[in-house]
Novice: 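Below you will find the structure I want to go over with you.
By convention in this document, chain letters (A, B, ...) are assigned in the order of the sequence lines, proteins followed by strands, and residues within each chain are numbered from 1. Please read these numbers as outputs of a predicted model, since none were measured by experiment. Any value given below was found using the heavy atoms of this structure, including those in side chains, with hydrogens, waters and symmetry copies removed.
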Protein chains: 2
Amino acid sequence: MPLGSSTPPPYESDDGGRAAPRARTRPLYRQVRHLLLESLRRGEWMPGTAIPSETELAVRFQVSQGTVRKAIDELASENLLVRRQGKGTFVATHQEPRAQYRFLRLLPDDGTPAATSSRFLECCPQRASAQLADRLGLRTGAPLMYVRRVLLFGDWPRVLDDIWLPAGPFGGLSAERLAQYKGPLYGLFESEFGVRMIRAVEELRAVPSTAEDSAALQVAMGTPLLRVDRVSYTYGDRAIEFRRGHCVTNDCHYWNRLA
Amino acid sequence: MPLGSSTPPPYESDDGGRAAPRARTRPLYRQVRHLLLESLRRGEWMPGTAIPSETELAVRFQVSQGTVRKAIDELASENLLVRRQGKGTFVATHQEPRAQYRFLRLLPDDGTPAATSSRFLECCPQRASAQLADRLGLRTGAPLMYVRRVLLFGDWPRVLDDIWLPAGPFGGLSAERLAQYKGPLYGLFESEFGVRMIRAVEELRAVPSTAEDSAALQVAMGTPLLRVDRVSYTYGDRAIEFRRGHCVTNDCHYWNRLA
DNA sequence: CAGTGGTCTAGACCACGTG
DNA sequence: ACGTGGTCTAGACCACTGC
């Protein structure tokens with residue numbers, strides 16, 4: 001049954017309450033976008049794999065290809081999907097080198113980044129303080145996993161990260177799995193725990209180095225450090241990580257583009 | 001004459017070199033986008049005013065309305081144009097409050113920003129050092145205007161900005177005009193000097209407060225400050241400003257969204 | 001009511017990747 | 001040769017704005 005000029009849109013049809021001033025129906029492509037997001041959230045398509053073609057999706061949702069296209073356009077512009085001409089549309093993944101530097105904004109001053117590596121100092125269960133619970137959208141005392149690591153540029157320690165994760169999805173985390181895994185942490189979250197990080201909000205400050213910072217980063221006490229607080233989210237605005245990084249910025253910097 | 005299926009695209013036509021492997025023609029909507037950018041750069045439409053309607057532009061460029069639409073979509077997503085349903089498409093301006101906080105990323109910790117104000121300390125000609133020249137894409141020794149100001153949140157000084165501008169467009173700048181102007185600096189650049197800032201790149205570091213910083217910001221010497229280096233650009237990737245800010249981050253923070 | 005941008009459709013052809 | 005996404009067109013109708 002063809003839709004279009006003479007038939008009403010297939011979703012969120014008109015009736016229901018008679019004269020009730022119903023909420024205006026969202027555009028079709030927004031509804032399609034929502035359905036795609038639901039499928040992503042449910043894990044119907046795994047990171048790195050192709051989703052159905054535009055024509056297939058058009059049939060499934062009973063809309064035109066152009067409408068599916070517009071929905072996918074939005075998701076691609078948010079880096080949730082990746083289009084590849086001639087091949088298909090793929091679920092974005094933290095495994096591709098392409099996605100690496102979207103969330104690693106600290107760069108050496110001299111151009112290209114040296115090889116980065118992690119050294120994990122700690123990994124243990126913890127209870128959420130009121131502040132942590134607030135940031136993660138949990139109750140005070142909720143079970144968390146706590147991780148401490150140092151990030152090195154070449155051989156030099158440059159970031160000391162304290163990371164808190166909800167124990168729900170991340171209960172199985174251990175020092176061994178962390179040490180064993182190569183690649184970015186978000187890649188591990190995605191492939192080992194089925195939690196895909198899609199966006200984050202950061203707050204930056206300059207703070208003096210504490211004794212702990214100084215020991216881990218090999219700088220004098222009181223040295224100004226860049227403190228980066230980050231809350232990461234997965235599908236549906238669900239917080240999945242709070243991270244506090246202390247960064248040495250003598251030979252590197254945090255870069256940002258404003259547009 | 002209708003274009004489309006049986007006729008070649010109107011721009012960048014096919015011929016020229018016979019079998020020469022000509023550079024592949026850019027998509028039509030990209031060419032339209034380029035033409036629109038040229039008109040913006042030339043000042044054909046001033047900030048805050050409406051550009052011609054999509055149908056008008058389609059006639060002017062001899063393409064379909066959909067193609068114009070796609071070009072405008074891109075420029076709108078880059079915040080160069082602003083669509084307003086029922087009214088038209090407008091050239092973005094730094095005057096609207098909407099654009100204010102795109103380039104002011106330092107916020108008080110307690111939610112909404114108090115009234116910000118500027119106090120100008122200096123405004124004088126200067127010659128470009130090698131480093132400044134490099135950042136601004138000028139020759140060493142090129143004439144610049146130098147401005148120093150303090151930005152206050154409520155009554156408290158929070159940012160000390162050193163700003164360098166090419167004397168070409170900004171030769172007429174003076175302490176009086178700065179003091180007299182109300183609103184964001186980029187608004188002044190746009191309305192008084194015809195230079196519209198459209199994007200910027202920043203590098204952030206933590207540094208100890210110097211004597212000068214401390215005097216202007218009323219903090220102890222050595223206090224960690226957030227140093228923000230910014231190069232701003234106008235149409236055509238032309239640098240129009242280098243700015244170095246030193247920010248107190250005890251009761252405020254630099255925020256950023258990663259996606 | 002006329003004009004603007006916003007949505008939706010349908011169909012053609014192109015460019016790319018794979019078999 | 002085939003299927004994918006990418007471009008381009010044409011035309012319909014909707015939603016908002018302002019006269």
Novice: If you count heavy atoms of other groups shown closer than 6.0 angstrom to CZ of B:Arg238, is the number above 12?
Specialist: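 No, not enclosed.
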Novice: When you measure from the side-chain N and O atoms of A:Thr89 to the phosphate of D:dT4, is any distance below 4.0 Å, counting only OP1 and OP2?
Specialist: no
Novice: Between A:His94 and A:Phe103, does the ring centroid distance fall short of 6.0 Å?
Specialist: yes
Novice: Can you tell me how far C1' of C:dC8 sits from CD of B:Gln65, to the nearest Å?
Specialist: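 About 13 Å, once rounded to whole Å.
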Novice: Do A:Arg243 and A:Leu185 come close enough that some side-chain heavy atom pair is under 4.5 Å?
Specialist: yes
Novice: Where do A:Ile51 and A:Glu56 land on the side chain to side chain contact (heavy atoms under 4.5 Å, CB included) test, with the steps shown first?
Specialist: CA-CA 10 Å; A:Ile51 71 172; A:Glu56 257 178 282; over 6 Å; no
Novice: Side chain to side chain contact (heavy atoms under 4.5 Å, CB included) between B:Phe193 and B:Arg177: does it pass, once the steps are laid out?
Specialist: CA-CA 11 Å; B:Phe193 299 91; B:Arg177 293 179 79 173; 3.9 Å; yes
Novice: Could you state the atom-to-atom distance from CD of B:Gln85 to P of C:dA2 in whole Å?
Specialist: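 So the two atoms are 19 Å apart, to the nearest Å.
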Novice: Give the rounded distance in Å between these two atoms: CZ of A:Arg33 and C1' of C:dC8.
Specialist: 18 Å
Novice: Remember a base hit wins even if backbone is also touched, and classify A:Arg84 as base, sugar-phosphate or nothing at under 4.0 Å, heavy atoms.
Specialist: sugar-phosphate
Novice: Rounded to the Å, how far apart are B:Lys87 NZ and D:dC16 C1'?
Specialist: 10 Å
Novice: Tell me the interatomic distance from A:Tyr29, atom OH, to C:dG6, atom P, rounded to whole angstroms.
Specialist: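 After rounding, the reported distance stands at 9 Å.
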Novice: Run the salt-bridge test on B:Glu78 and B:Arg199 with the 4.0 Å N-O cut-off and return the result as yes or no.
Specialist: no
Novice: Nearest to the side chain of A:Thr55, heavy atoms from C-beta on, is which of C:dT7, D:dG6, D:dT4?
Specialist: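 Of all the options, the side chain of A:Thr55 is nearest to D:dT4.
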Novice: Identify, residue by residue, the members of residues 47-54 of chain A with a heavy atom below 4.0 Å from DNA chain D, and return them in order of residue number, or none.
Specialist: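 DNA chain D contact set from residues 47-54 of chain A: A:Ser53, A:Glu54.
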Novice: Within this structure, what is the CZ-to-P distance between B:Phe90 and C:dT4, rounded to whole angstrom?
Specialist: 11 Å
Novice: Please report, rounded to the nearest Å, how far the P atom of D:dG6 is from the CZ atom of B:Arg30.
Specialist: 12 Å
Novice: Do B:Tyr186 and B:Glu241 touch side chain to side chain, with heavy atoms closer than 4.5 Å?
Specialist: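 Of all side-chain heavy-atom pairs linking B:Glu241 with B:Tyr186, at least one is under 4.5 Å.
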Novice: State whether A:Glu202 and B:Arg105 are salt-bridged, where the test is any N-O pair (Lys NZ or Arg NE/NH1/NH2 against Asp/Glu carboxylate O) under 4.0 Å.
Specialist: no
Novice: When you measure from the side chain of B:Ser64, which nucleotide among D:dA10, D:dT4, C:dT7 comes out closest?
Specialist: D:dA10
Novice: With a 4.5 Å limit on heavy-atom distance, are the side chains of A:Leu57 and A:Leu35 in contact?
Specialist: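 The answer is no, as the side chains (C-beta and beyond) never meet within the 4.5 Å cut-off.
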Novice: What are the residues of residues 38-45 of chain A, sorted by number, that bring a heavy atom to within less than 4.0 Å of DNA chain C?
Specialist: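 Under 4.0 Å from DNA chain C: no residue of residues 38-45 of chain A.
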Novice: Judged by each residue's nearest nucleotide on DNA chain D, which is more toward the 5′ side, B:Gly86 or A:Arg83?
Specialist: A:Arg83
Novice: Once you round it to whole Å, what is the distance between P of C:dC8 and CZ of A:Arg26?
Specialist: 11 Å
